[in-house]
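Written below as structure tokens is the structure these notes are about.
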Amino acid sequence: MNKSVFFGALAFVGLAAGASAAATLDDVKARGKLNCGVNTGLVGFAAPDANGVWGGFDVALCRAVAAATLGDASAIEFVPLTGKTRFTALASGEIDMLSRNTTWTFSRDVDLKFEFVGVNYYDGQGFMVPKALGVSSAKDLDGATVCIQTGTTTELNLADFFRVNNISYEPVPIETNAEAQQQYLAGACDVYTTDASGLAATRATFEAPGDHVLLPEIISKEPLGPLVRHGDSEWADIVRWSFNAMVSAEELGITSANVEEMASGTNNPEINRILGTEGNLGEMLGLDAEWAKRIILSVGNYGEVFEKNLGEATPIGLARGLNAQWTDGGLLYSPPFR
């Protein structure tokens, strides 16, 4: 192949990739709403209230992306998905992004052709049992019946844990968290296992939360985060940096209460770049200058979202732990806005 043909082919590939990359953003703008895949119902993460309005930690990220791209944090169609249906919905284009307590793994990233754009919650798999069972360790669960959601990493981790510890169990397959809760409370299984945050969220809805204990073992790494389809780099950038804007805002002290004031200009260049008063970061994303300002105004920074939905003052009562800012000994860290 001569050079002119070779570079012509490269240019064609680049043009084709560019067309693909812009597709989701164009679709969202043309539709006037974001289609966001969420949990079928997990209090604190994603659940509708009595009026049918969706709220929660994962829902906030959907709202952040809608605010950034459409200027309206409520311009969203929430699509409730189970562990089994979530990936098909994303691959088929039924949803534009998945924000549903989903673990970043090698095969999901590479084999299923998805792109995880960050970790919004560092978690690990745990076990919940009735206090009356008298069990103090997961290693004492030999012969237990275990409620477990199918199509999840939880299913695989459970098999590995019991095999390593040379104990047996009987799985009770369930599709949704609501079904797991119902089966567990009815005594159809001795144990419920899922991400520790999910167990805390579920227990908080019980009539007598104190009658149930979370065992001390955390048996896996579960980096949970939002994902999009492969081959759509511009859209992946928008979702990734919408999340990063929330993380950096907390670190830099930008809140929903002071963002308007800070948007008039500060002596911190990074704050100015995030809020669009310096530079052209919005333009690089194919958005306007105030995309990140709208996110913080609409949903708050990462810390505000965490405390409102999952924090120690809520019924779920989760401490920040690994999800604290890196400056406070946690793993939360955004690349620089530069």
Steps toward side-chain contact (heavy atoms from CB on, under 4.5 Å) verdict (Trp104, Asp109): CA-CA 7 Å; Trp104 188 345; Asp109 196 336; 2.8 Å; yes
Under 3.5 Å donor-acceptor, Asn165 side chain and Phe161 backbone: yes
Exam field: side chain Asp195 to backbone Gly198, donor-acceptor pair closer than 3.5 Å: no
Value rounded to 0.5 Å, distance of CD1 in Ile296 from CD in Glu290: 11.5 Å
Test item: Asn258 side-chain N/O and Gly253 main-chain N/O as donor-acceptor pair under 3.5 Å: yes
Verdict with reasoning, Val213 to Val129, per side-chain contact (heavy atoms from CB on, under 4.5 Å): CA-CA 6 Å; Val213 295; Val129 297; 3.5 Å; yes
Shortest non-hydrogen separation from Ile295 to Ala64 and the atoms involved: CG1-O, 3.3 Å
Test side chain to side chain donor-acceptor pair (under 3.5 Å) applied to Thr40 - qualifying residues, sequence neighbours left out: none
Verdict with supporting geometry, Asn39 and Asn101, side-chain hydrogen bond (donor to acceptor under 3.5 Å, both in side chains): CA-CA 8 Å; Asn39 201 299; Asn101 52 309; 3.1 Å; yes
Exam field: side chain Thr266 to backbone Met262, donor-acceptor pair closer than 3.5 Å: no
Intermediate values then yes/no, side-chain hydrogen bond (donor to acceptor under 3.5 Å, both in side chains), Asp96 and Trp235: CA-CA 9 Å; Asp96 305 308; Trp235 182 247; 6.0 Å; no
Reported CD-to-OG1 distance for the pair Glu307 and Thr314, which is rounded to 0.5 angstrom: 8.0 Å
Nearest non-hydrogen partners of Arg86 and Gly83, listed with the distance: NE-O, 3.1 Å
N-O pairing of Asp72 and Lys33 below 4.0 Å: no
Ring-face cation contact, Phe306 with Arg320, 6.0 Å cut, 45° max: yes
Set of residues satisfying side chain to side chain donor-acceptor pair (under 3.5 Å) with respect to Asp140, sequence neighbours excluded: none
Candidate pair Glu155 and Gln149, rule side-chain hydrogen bond (donor to acceptor under 3.5 Å, both in side chains), full reasoning: CA-CA 7 Å; Glu155 202 172 12; Gln149 290 189 52; over 6 Å; no
Side-chain donor/acceptor of Arg63 to backbone N/O of Ala73, under 3.5 Å: yes
Least distance between heavy atoms, Leu199 atom then Phe127 atom: CD1-N, 3.5 Å
Output field: ring centroids Tyr192/His212 closer than 6.0 Å: no
Residues Thr103, Glu222; criterion side-chain hydrogen bond (donor to acceptor under 3.5 Å, both in side chains); working and verdict: CA-CA 5 Å; Thr103 304; Glu222 305 293 329; 2.6 Å; yes
Of all pairs that satisfy disulfide (SG to SG under 2.5 Å), the ones with a partner from residues 245-278, not counting sequence neighbours: none
Backbone N/O of Phe337 and side chain of Glu270: donor-acceptor pair under 3.5 Å: yes
Thr102 side-chain N/O to Arg100 backbone N/O, donor-acceptor pair under 3.5 Å: yes
Worked check of side-chain contact (heavy atoms from CB on, under 4.5 Å) between Tyr169 and Thr193: CA-CA 12 Å; Tyr169 69 99; Thr193 183; over 6 Å; no
Ring centroid separation Tyr302 to Tyr121 under 6.0 Å: no
Expected output: side-chain Glu283 to main-chain Asn280 donor-acceptor under 3.5 Å: no
Donor-acceptor contact below 3.5 Å, side chain Trp241 vs main chain Leu281: no
